[in-house]
A.B. asks: 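Please find one structure pasted underneath; my questions will follow.
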Amino acid sequence: QVQLQESGPGLVKPSQTLSLTCSVSGASITTNGYIWKWIRQSRGKGLEWIVGIRSRGEYWYTPSLANRVSISRDTSKNQFTLQLRAVTPEDTAVYYCARSPLVGYDYWGQGTQVSVSS
């Protein structure tokens with residue numbers, strides 16, 4: 001089965017860059033038919049899609065974060081990485097990586113809590 005695992009810091013200082021890596025097993029991030037995504041959930045808020053990347057490297061960002069977000073991947077390690085620059089306390093959230101079969105989601109990581117605080 002497909003498994004996804006987020007990794008990265010639990011605490012980031014304001015103005016710094018948050019980097020989170022999603023490690024995937026059971027499926028290749030280069031296989032056609034899926035979008036690999038980062039999603040987050042802030043306290044008291046719903047899920048917010050951040051960015052997605054497809055098998056050939058095409059990607060899309062949510063407009064509200066587009067100026068601060070980067071996504072990259074390492075196909076040899078079957079990993080993809082989120083970078084969120086100039087973080088503020090409003091970026092505090094549980095961050096998830098997930099696989100989307102173009103419409104919804106079929107596999108999720110467990111999520112990782114990220115707090116932005118000085």
Side-chain angles (χ1 to χ4, degrees):
Q1 65 175 15
V2 180
Q3 294 183 323
L4 298 85
Q5 178 65 60
E6 304 90 348
S7 62
L11 179 65
V12 184
K13 293 182 178 180
S15 81
Q16 294 185 337
T17 296
L18 168 66
S19 293
L20 296 172
T21 294
C22 184
S23 299
V24 179
S25 63
S28 173
I29 62 174
T30 64
T31 298
N32 290 338
Y34 301 98
I35 307 173
W36 303 88
K37 297 180 177 179
W38 285 100
I39 309 97
R40 69 182 183 182
Q41 183 169 23
S42 300
R43 185 175 61 255
K45 300 179 180 179
L47 294 171
E48 178 187 18
W49 169 72
I50 302 170
V51 62
I53 187 167
R54 293 192 65 181
S55 61
R56 291 180 293 179
E58 312 99 309
Y59 55 87
W60 300 263
Y61 301 110
T62 185
S64 64
L65 298 173
N67 64 322
R68 297 194 288 131
V69 167
S70 298
I71 189 167
S72 61
R73 64 180 185 172
D74 185 337
T75 57
S76 67
K77 295 182 178 180
N78 212 35
Q79 297 176 332
F80 60 102
T81 297
L82 168 72
Q83 290 192 320
L84 182 61
R85 299 178 294 275
V87 298
T88 74
E90 295 299 313
D91 294 312
T92 295
V94 178
Y95 285 76
Y96 300 89
C97 56
R99 190 179 80 166
S100 173
L102 303 185
V103 179
Y105 300 90
D106 55 6
Y107 293 96
W108 293 74
Q110 292 298 306
T112 184
Q113 172 69 50
V114 177
S115 297
V116 180
S117 175
S118 60

A.B. asks: How many angstroms lie between CD1 in Ile35 and OG in Ser55, if you round to the nearest 0.5 Å?
C.D. replies: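 Answer for the CD1-OG pair, Ile35 versus Ser55, is 9.5 Å.
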A.B. asks: Side-chain contact test, heavy atoms from C-beta onward, threshold under 4.5 Å: evaluate it for Ile50 versus Tyr95 and give yes or no.
C.D. replies: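 In contact.
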A.B. asks: Tell me, please, which residues at least two apart from Arg43 pass salt bridge (Lys or Arg N to Asp or Glu O under 4.0 Å).
C.D. replies: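 Checked Arg43 against salt bridge (Lys or Arg N to Asp or Glu O under 4.0 Å); zero matches.
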A.B. asks: Taking the cut-offs as 6.0 angstrom to the six-membered ring centre and 45 degrees off its axis, would you call Arg99 and Tyr107 a cation-pi pair?
C.D. replies: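 Not satisfied by the 6.0 Å and 45° rule.
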A.B. asks: With a sphere of 6.0 Å drawn around CD of Gln110, does it hold more than 12 non-hydrogen atoms of other residues, nucleotides or ligands?
C.D. replies: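 No, because the 6.0 Å sphere around CD of Gln110 holds 12 heavy atoms or fewer from other groups.
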A.B. asks: Test side-chain contact (heavy atoms from CB on, under 4.5 Å) on Leu20 and Glu6; report intermediate values, then the result.
C.D. replies: CA-CA 7 Å; Leu20 296 172; Glu6 304 90 348; 5.8 Å; no
A.B. asks: Among all residues two or more places apart in sequence or in another chain, which pass the ring pair (Phe, Tyr, Trp, His ring centres under 6.0 Å) test with Tyr59?
C.D. replies: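 Counting only residues at least two positions away or on another chain, Tyr59 forms a ring pair (Phe, Tyr, Trp, His ring centres under 6.0 Å) with Tyr61.
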A.B. asks: Are Leu84 and Arg40 close enough that some pair of their side-chain heavy atoms sits under 4.5 Å apart?
C.D. replies: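 Yes - at least one pair of side-chain heavy atoms lies under 4.5 Å apart.
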A.B. asks: Assess the residue pair Leu11 and Ser117 against the criterion (side-chain contact (heavy atoms from CB on, under 4.5 Å)); give the C-alpha distance rounded to whole Å, side-chain angles, the decisive distance to 0.1 Å, and a yes or no.
C.D. replies: CA-CA 7 Å; Leu11 179 65; Ser117 175; 4.1 Å; yes
A.B. asks: Heavy-atom count check: over 12 atoms from other residues, nucleotides or ligands less than 6.0 Å from Glu58 CD?
C.D. replies: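 Correct, the count exceeds 12.
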A.B. asks: Rounded to the nearest 0.5 Å, how far does CH2 of Trp49 lie from OG1 of Thr62?
C.D. replies: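 Output value for this atom pair is 6.0 Å.
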A.B. asks: Please name all residues satisfying ring pair (Phe, Tyr, Trp, His ring centres under 6.0 Å) with Trp108, sequence neighbours left out, ordered by chain then number.
C.D. replies: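 Partners of Trp108 under the ring pair (Phe, Tyr, Trp, His ring centres under 6.0 Å) test: Tyr96, Tyr105.
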A.B. asks: Judged by modelled atom types alone, do Arg73 and Thr30 share a side-chain donor-acceptor pair under 3.5 Å?
C.D. replies: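 No pair is found: no donor N or O on one side chain lies under 3.5 Å from an acceptor on the other.
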A.B. asks: Checking Thr21 against Thr81: is there a side-chain donor and acceptor pair closer than 3.5 Å?
C.D. replies: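 Short answer, yes.
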A.B. asks: According to side-chain hydrogen bond (donor to acceptor under 3.5 Å, both in side chains), who are the partners of Ser23, at least two apart in sequence or on a separate chain?
C.D. replies: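 Once residues adjacent in sequence are excluded, the partners of Ser23 under the side-chain hydrogen bond (donor to acceptor under 3.5 Å, both in side chains) criterion are Gln79.
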A.B. asks: Can you tell me which residue pairs pass the disulfide (SG to SG under 2.5 Å) test with a partner in residues 14-104, sequence neighbours excluded?
C.D. replies: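 Found Cys22-Cys97.
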A.B. asks: Does one hydrophobic cluster hold both Phe80 and Tyr34, with members joined at side-chain heavy-atom distances below 4.5 Å?
C.D. replies: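 As far as the 4.5 Å side-chain criterion goes, Tyr34 and Phe80 are connected within one cluster.
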A.B. asks: Could you tell me which residues satisfy side-chain hydrogen bond (donor to acceptor under 3.5 Å, both in side chains) with Arg68, sequence neighbours excluded, listed by chain and number?
C.D. replies: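 Arg68 satisfies side-chain hydrogen bond (donor to acceptor under 3.5 Å, both in side chains) with Asp91 only.
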